[in-house]
Amino acid sequence: MNTAILLLGTNMGERRQNLIHATDALRNKVGKVGQCSSVYESEPWGFEADQSFFNQVIEVETLLSPLDLLLELQKIEKNMGRVKTRQTYESRLIDIDILFYDDLVMDREELKIPHPEIKNRRFALEPLHELFPRKVHPVVQKTISQLLKECMDKLWVKKLPLSK
């Protein structure tokens, strides 16, 4: 069994419901869902949008290889209605990124693990820090706590209260 740490993001439609739906799909298609961070609201990163993002980190135990996991995540995104209209950042119904896969380091055109932008994105680091503050990034050899302290991203990120 392998442990993947995923980042879910959404800024379209019923955002909290999108996260719930994606988590259910992960449970049904990918593996056993473990720890889930709180939901965080954040400013769009890399582009302007009318709606802020909801983000959540999800831990999943899976038998899928990294590339098979990527393909399954892309199917989940598509089944939920995500449509990529361009190669740059844009609003999305759901986005599921692989942040870590065990302590694997992979650098392929179609998949890079750990995700190369983790250390630059507060919206990924805040929920990661909630669950895994002592996890060591296998490339830069710093903990998530250290990366969060050093992060230069000044966009706002706030932890949301539990929904009713």
*Asks:* Checking side-chain contact (heavy atoms from CB on, under 4.5 Å) against Leu70, which of Leu111, Ile96, Ile113 comes through?
*Replies:* Leu111
*Asks:* Taking the side chain as every heavy atom from C-beta outward, state whether Leu128 and Phe100 have any pair of such atoms under 4.5 Å apart.
*Replies:*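 Contact flag for Leu128/Phe100 side chains = yes.
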*Asks:* State the OG1-CG distance between Thr10 and Leu93, to the nearest 0.5 angstrom.
*Replies:* 5.5 Å
*Asks:* Given 3.5 Å as the limit, does a donor-acceptor pair link the side chain of Thr143 with the main chain of Val136, or not?
*Replies:* no
*Asks:* Checking Lys135 now: which residues fulfil salt bridge (Lys or Arg N to Asp or Glu O under 4.0 Å) with it, not counting sequence neighbours?
*Replies:* Asp103
*Asks:* Quick one: list whatever passes ring pair (Phe, Tyr, Trp, His ring centres under 6.0 Å) with Tyr101, sequence neighbours left out.
*Replies:*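 Ring pair (Phe, Tyr, Trp, His ring centres under 6.0 Å) list for Tyr101, sorted by chain: empty.
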*Asks:* Hydrophobic cluster mates of Trp156, side-chain heavy atoms under 4.5 angstrom, ILVMFWY only, any path?
*Replies:*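 Same cluster as Trp156: nobody, lone residue.
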*Asks:* Measure the spacing between CG of Leu67 and CE of Met106 and express it to the nearest 0.5 Å.
*Replies:*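 So the CG of Leu67 and the CE of Met106 are separated by 4.5 Å.
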*Asks:* Can you tell me how far NE2 of His129 sits from CZ of Arg122, rounded to the nearest 0.5 angstrom?
*Replies:*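 Separation between the atoms: 11.0 Å.
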*Asks:* With side-chain contact (heavy atoms from CB on, under 4.5 Å) as the test, pick out the partner of Ile58 among Leu8, Ile5, Leu7, Leu99.
*Replies:*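 It is Leu8; the other options fail the test.
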*Asks:* State whether the number of non-hydrogen atoms from other residues, nucleotides or ligands found under 6.0 Å of Glu14 atom CD is greater than 12.
*Replies:* no
*Asks:* Could you state the interatomic distance from CD (Gln56) to CG (Leu19), rounded to the nearest 0.5 Å?
*Replies:* 5.5 Å
*Asks:* Please check: side-chain N/O of Arg16 versus main-chain N/O of Phe54, any donor-acceptor pairing under 3.5 Å?
*Replies:*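 Between the backbone of Phe54 and the side chain of Arg16 there is no qualifying donor-acceptor contact (under 3.5 Å).
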*Asks:* Could you go through the side-chain contact (heavy atoms from CB on, under 4.5 Å) check for Met80 and His21 one step at a time?
*Replies:* CA-CA 8 Å; Met80 285 185 62; His21 185 74; 3.2 Å; yes
*Asks:* Using a 3.5 Å distance criterion without hydrogens, assess whether the side chain of Asn18 forms a donor-acceptor pair with backbone atoms of Met12.
*Replies:* yes
*Asks:* In the structure I gave you, are the side-chain heavy atoms of Val139 and Pro114 within less than 4.5 Å of one another anywhere?
*Replies:*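 In contact.
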*Asks:* What do the steps show when you test Lys119 against Lys142 for side-chain contact (heavy atoms from CB on, under 4.5 Å), and what is the final call?
*Replies:* CA-CA 10 Å; Lys119 65 184 186 299; Lys142 293 182 179 182; over 6 Å; no
*Asks:* Would you compute the distance between atom CD1 of Ile98 and atom NZ of Lys112 and round it to the nearest 0.5 angstrom?
*Replies:* 13.0 Å
*Asks:* Tell me whether Ile94 shares a hydrophobic cluster with Leu71, the cluster being built from Ile, Leu, Val, Met, Phe, Trp, Tyr side chains joined at under 4.5 Å.
*Replies:* no
*Asks:* Return yes if some donor-acceptor pair links the side-chain N/O of Thr62 with the main-chain N/O of Val30 below 3.5 Å, else return no.
*Replies:*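 Present.
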*Asks:* Nearest 0.5 Å, please: how far is NZ in Lys158 from CD in Glu41?
*Replies:*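 Interatomic distance, Glu41 CD to Lys158 NZ, rounded to 0.5 Å: 4.5 Å.
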*Asks:* Check whether any side-chain N or O of Glu130 sits under 3.5 Å from a backbone N or O of Ser38 as a donor-acceptor pair, and report yes or no.
*Replies:* yes
*Asks:* Using every non-hydrogen atom in the two residues, find where Ala25 and Ile76 come nearest and quote the distance to one decimal.
*Replies:*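 Taking Ala25 first and Ile76 second, the nearest heavy atoms are CB-CG2, 3.7 Å.
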*Asks:* If hydrophobic clusters are built by linking Ile, Leu, Val, Met, Phe, Trp and Tyr wherever their side-chain heavy atoms come under 4.5 Å apart, do Leu69 and Leu63 end up in the same one?
*Replies:*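 No.
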*Asks:* Would you say Met152 has more than 12 foreign heavy atoms packed within less than 6.0 Å of its CE?
*Replies:*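 Check fails, neighbour count at 12 or below.
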*Asks:* Any sub-3.5 Å donor-acceptor pair from Arg27's side-chain atoms to Val33's backbone N or O?
*Replies:* no
*Asks:* Run the salt bridge (Lys or Arg N to Asp or Glu O under 4.0 Å) test against Glu59 and tell me which residues pass, sequence neighbours left out.
*Replies:* none
*Asks:* Of all the heavy-atom pairs spanning Ser52 and Asn11, show the shortest one and how long it is.
*Replies:* O-CB, 3.2 Å
*Asks:* Who are the side-chain contact (heavy atoms from CB on, under 4.5 Å) partners of Asp102, not counting sequence neighbours?
*Replies:* Asn2, Thr3
*Asks:* Partners of Leu131 by side-chain contact (heavy atoms from CB on, under 4.5 Å), sequence neighbours excluded?
*Replies:*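 So Leu131 forms a side-chain contact (heavy atoms from CB on, under 4.5 Å) with Gln35, Ser37, Val57.
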*Asks:* Does a side-chain heavy-atom distance below 4.5 Å link Leu147 with Ile144?
*Replies:* yes
*Asks:* So do the side chains of Arg134 and Ser145 get within less than 4.5 Å of each other, counting heavy atoms only?
*Replies:*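 Sidechains of Ser145 and Arg134: no contact.
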*Asks:* If we only count heavy atoms from C-beta on, is the Glu126 to Leu148 side-chain gap below 4.5 Å?
*Replies:* yes
